[in-house]
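Reviewing the structure listed below.
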Amino acid sequence: MSHGAIVRPPMEPPTDPEPAEATPEFEAANKRLDRRRGLLLALPSWAFLTLFFAVPLLIVVVYSFATRNRFGGTDLSGWNIEGYRELGQEFVRNLVLRSLWLAIITTVICLVVAYPFAYFLATRSPAVRNLMLVFVMIPFWSNFLVRNYAWRVLLGNDGPVSQATEAAGLGETTILFTQSAVVLGLVYGFLPFMILPLYAAIERMDWSLVEASRDLGATGWQTFRQVSFPLSLPGVIAGSILVFVPSFGAYVTPQILGGGKDPMLGTYIVAQFLEARNWPEGAAASTVLMAVMLGATLVYFRTGGRTL
Amino acid sequence: MSRPAQLRRGPKWLLGANATLVYLFFYAPIALLVLYSFSDDNLVGRWGGFTLDWYRAFGQNDEVQGALSVSIRVAILSTLISVVLGTMAALSLERYRFRGSRIFDALLYLPIIVPDVTMAVMMLLFFTQFLNVLDAVFGIQMTKGFTTVTLSHIAFSISFVSIVVRARLAGMSADLEEAAQDLYASRWQAFRFVTLPLITPGVVGGALLALTLSLDDVVITQFVSGPGSTTLPVYVFGLIRRGVSPLINAVSVIMLAISIVLVVASLVVQRARGGEPA
Amino acid sequence: MADAVAAVEIRGVTKRFDEVVAVDDVDLTIADGEFFAMLGPSGCGKTTTLRMIAGLEFPTQGSLRIFGEEVGTLPPNKRPVNTVFQNYALFPHMTVLDNVSFGLRMSGVNKTEARQRAGEMIELVQLDGMAARKPNQLSGGQQQRVALARALVNKPKVLLLDEPLGALDLKLRQEMQTELKSLQRELGVSFVFVTHDQEEALTMSDRIAVMDQGKLLQVGSAEDLYARPASRFVADFIGQTNLIEATVADNNTIVLQNGQRLRAPSPHAAGTAVAMSLRPETIQVGARGSVPAVHEATSLEGVISSASYLGHSMVYEVSIDWIDLEVRTPMVLSEERFAPGSEVAVWWDRRSDWLVAE
């Protein structure tokens, strides 16, 4: 690799300090300079994220205590907790419970499917494992909307799934626009979130412990229950949180596969802004969602989670 | 580390079958979607012979083309900016100690974990106020549109870029930079000739990721876009809500193809030269 | 050495990291053309001292001169020294040739000349034909040579080496020791060499500085350190020794803890607590009553508590009342060896003991 033209340093101070004996003052000044360099590098993104992320976050909280006026606008006055109180309405409560329930089912299904998969992955040779991982990463990052849409096509009237079940004598498949379809879409969307941390945890595991357990006379199942599973628990927790949080706040999937019936929390929030024009209420619901997410993240880092 | 313990034949077979089913689950819907996008039938999920009509329709639909162009412009601009900012952030956290770095680290993590609906609400409320302030204080008349969409995309992309670059930096010994300076390189030269070439796979990987995320986003964009700044995913989402059509199949396949190309490129770049630093 | 300008002169240098004093008021002079080792356990401050000479750390206080020029506040790229890093720190994205010519390019030498000089240096370290390779295509020993070439091509006034042989296996290490030594003689440049391996330091260096807990304990030749350690730490750290606690009685006699008097000339004042350092191989062992008359005043009686056969020598543990002495004797016929439990006397030449007063 050739390094091309040698560029004269634009960042170098114009003159070097006169060579002199080092002093505590010089050392301190140098340390300060170093800290300032770090700060300068951090500053642009720090400032950007403060203005375009931290401030918006606070504004949401502020709005959640504001008043909705007669014209569907929001008055930033007359502070109240109406937004939160409305979350207690039966309709909203049911919707939150439904979101919770669907998120839990999604998480459990993902766990049950992903655990043996991750286990299988972790026990392959490195070359095979890397290839398999790549094929998990592709759906992980490929367009989420389109992947939901694909199921819409598959599950549609006279769609391929229906045709297949009919051919098999099971009758038409009519799960589109039901909660089952939503769960299916969520599992499809978030399964990689479960696989990756589980894989990381299982791969890191010290297999000699499993051998020791077998050597001590434990059966395969006992070994799994008593040794492997507890060792992979950080991965289980990380994966569950990573699936649960976005499922709980899902919006695109319930819209496309749930057809907007049986709204979930994400759908409800969006509706408050784009349709009902009840911003304080939407902000309150967002704040709650954010709190759930923050709580889950704290748990995640407490358990030593590192994977994305 | 020792080799994994031998599994009994039963579970081993089951594990293999499960893995096969998982891959089938991942890829079959995508494959079928691709297939139907070439189907000469007005029903989206039925095979009616091969045609390229839907792709032709895609090419001739001005609204789709307009949305695609907005998407691409937003993606490129937001990626360029977030790559520069994210890389600088990664360097600061991985190579320097400064006051408040832990707060900065946390702030950098948040956009990754905030659900997109929440982020959408945040950006909507913020820009509503922000544009008012701009008008009231500076007399700048601005509406939601290309700028607000791009700014929002930068806000969530910086974090992803910085994480990818940081991983790369963490795997690169700081000795190398010291060695460069010991060999008469200034700080800038050490960065230019040693650090930068070595983190390039991370930077490129982060850039591809940022492009992917920008082209993927629906909810946030929907909240902060205005007339004339509808991106392709938002446009498609609107179409889907009104009903499926073979045209959407074709558009979807193109979006999918773009995102898969970007992901694969990102993985390849990050893995290339993976053996180092020696 | 007295009138020549020192290659490196360190005066009153201290380095603090927050509250930890890594290097504590060190004075050190390294002569031009000297092979100088800095030796000590890990965390003793030797690497920090080296990094301060390189400019990778700034001293908290003190003067640091290279050939008479104060460099204390200069960044590494403004100092006429180069470093061979512990794990070589070769640039993995560059070829051997680009690695070696890097320093020349950075100091403004044009590409053609830099490449030519780098090529010559690559030959000098016997890596002909490897110039186009990347570091990860080289063996550990070859990487080591690239690191050397990359530093030496800049004709540094002082070459700094941070545990340069630590990553090599034993055989390669011994080869490189000889090679480094001859390279240094050939070039006549001062080498400052940090190591925790005393054997390495003893065999290669003209002089050795021993450090512990940030303090410079002693500087001297290998023989100085081995035969005339300045402190218990040095006596114990360099080679193996028996340290026997005693008190100075007069300038010719010390009193052991059991009251026994031994002849040991001492510069220390009467009443000073000292330790007598006795190297295991300087002690003789024999049956009681067989002590030669000349050694009568430097002998002790004890019981063999263990005997190990090492092929070329015997190692005995001799327990003497309140202490155990390690004695290493040349191999003798089996009937002349002592079995555990044997009552024996040990003695030594009065010139082979050495008193240290901390």
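Proteins get letters first, then strands, A, B, ... in listed order; numbering begins at 1 in each. Scope of the values below: all heavy atoms of this structure, side chains included, with no hydrogens, waters or symmetry mates.
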[X] [atom1] to [Y] [atom2] distance, which is reported to the nearest 0.5 Å:
X	Y	atom1	atom2	value
A/L58	B/L125	CG	CG	12.0 Å
B/F127	A/F52	CZ	CZ	5.0 Å
B/F223	A/F273	CZ	CZ	6.5 Å
B/L151	A/F48	CG	CZ	5.0 Å
A/Y149	B/L239	OH	CG	9.0 Å
A/L39	B/R99	CG	CZ	9.5 Å

What are the two closest heavy atoms between [X] and [Y], and how far apart are they?
X	Y	value
A/F53	B/M122	O-CE, 3.3 Å
B/S92	A/A42	OG-CB, 3.5 Å
A/S45	B/F104	OG-CZ, 3.4 Å
A/V245	B/P115	CG1-CG, 4.1 Å
A/S286	B/T118	O-CG2, 4.0 Å
B/R97	A/R35	O-CG, 2.8 Å

### Message
Quick one, B/L32 with A/V153, criterion side-chain contact (heavy atoms from CB on, under 4.5 Å). Give me CA distance, side-chain angles, the key distance, then yes/no.
### Response
CA-CA 9 Å; B/L32 285 170; A/V153 170; over 6 Å; no

Contacting region of [X] [heavy-atom separation from chain A under 4.5 Å]:
X	value
B/L21	neither
B/L85	both
B/T148	neither
B/V44	both
B/V264	side chain
B/L110	both
B/I81	neither

If you count heavy-atom pairs under 4.5 Å between each of [options] and chain A, which one has the most?
options	answer
B/S82, B/S159, B/P29	B/P29
B/L215, B/L91, B/T212, B/V219	B/V219
B/L43, B/I30, B/I154, B/L108	B/I154
B/L93, B/L262, B/I260, B/I113	B/I113
B/P111, B/A155, B/P233, B/G16	B/P111

Is there a side-chain contact between [X] and [Y], using heavy atoms and a 4.5 Å cut-off?
X	Y	answer
A/D34	B/F98	no
A/L274	B/Q222	yes
A/P160	B/Y36	yes
B/D217	A/F144	no
A/Y63	B/F126	no
A/L41	B/R95	no
B/V22	A/V113	yes
A/R152	B/I240	yes

#### Entry: Chi angles and distances behind the side-chain contact (heavy atoms from CB on, under 4.5 Å) call for A/W279, B/T128
CA-CA 12 Å; A/W279 290 18; B/T128 305; 3.9 Å; yes

Looking at [options], which one has more heavy-atom pairs under 4.5 Å with chain B than the rest?
options	answer
A/M132, A/Q163, A/R36	A/M132
A/A285, A/G159, A/G249, A/P139	A/P139
A/N130, A/T267, A/V161	A/N130
A/V146, A/V252, A/T223	A/V146

[X] portion near chain B, given a 4.5 angstrom heavy-atom threshold:
X	value
A/L155	neither
A/L154	side chain
A/L265	neither
A/M293	side chain
A/N148	neither
A/Q272	neither
A/P116	both
A/W151	side chain

### Query
Does the pair A/T50 and B/L107 meet the rule for a side-chain contact (heavy atoms from CB on, under 4.5 Å), with working shown?
CA-CA 8 Å; A/T50 302; B/L107 179 62; 3.8 Å; yes

### Message
Using side-chain contact (heavy atoms from CB on, under 4.5 Å), reason through B/F25 and A/L184 one step at a time and then give a plain yes or no.
### Response
CA-CA 11 Å; B/F25 177 60; A/L184 179 67; 4.0 Å; yes

### Task
Report the C-alpha separation of B/F26 and A/F140 in whole Å, then their side-chain angles, then the decisive distance to 0.1 Å, and conclude whether the ring pair (Phe, Tyr, Trp, His ring centres under 6.0 Å) test is met.
CA-CA 10 Å; B/F26 277 148; A/F140 181 57; 9.9 Å; no

### Query
So, B/F237 versus A/Y251, ring centres under 6.0 angstrom or not?
yes

### Message
Applying salt bridge (Lys or Arg N to Asp or Glu O under 4.0 Å) to A/R147 and B/D216, what does each step give before you reach the verdict?
### Response
CA-CA 11 Å; A/R147 286 191 298 135; B/D216 207 32; over 6 Å; no

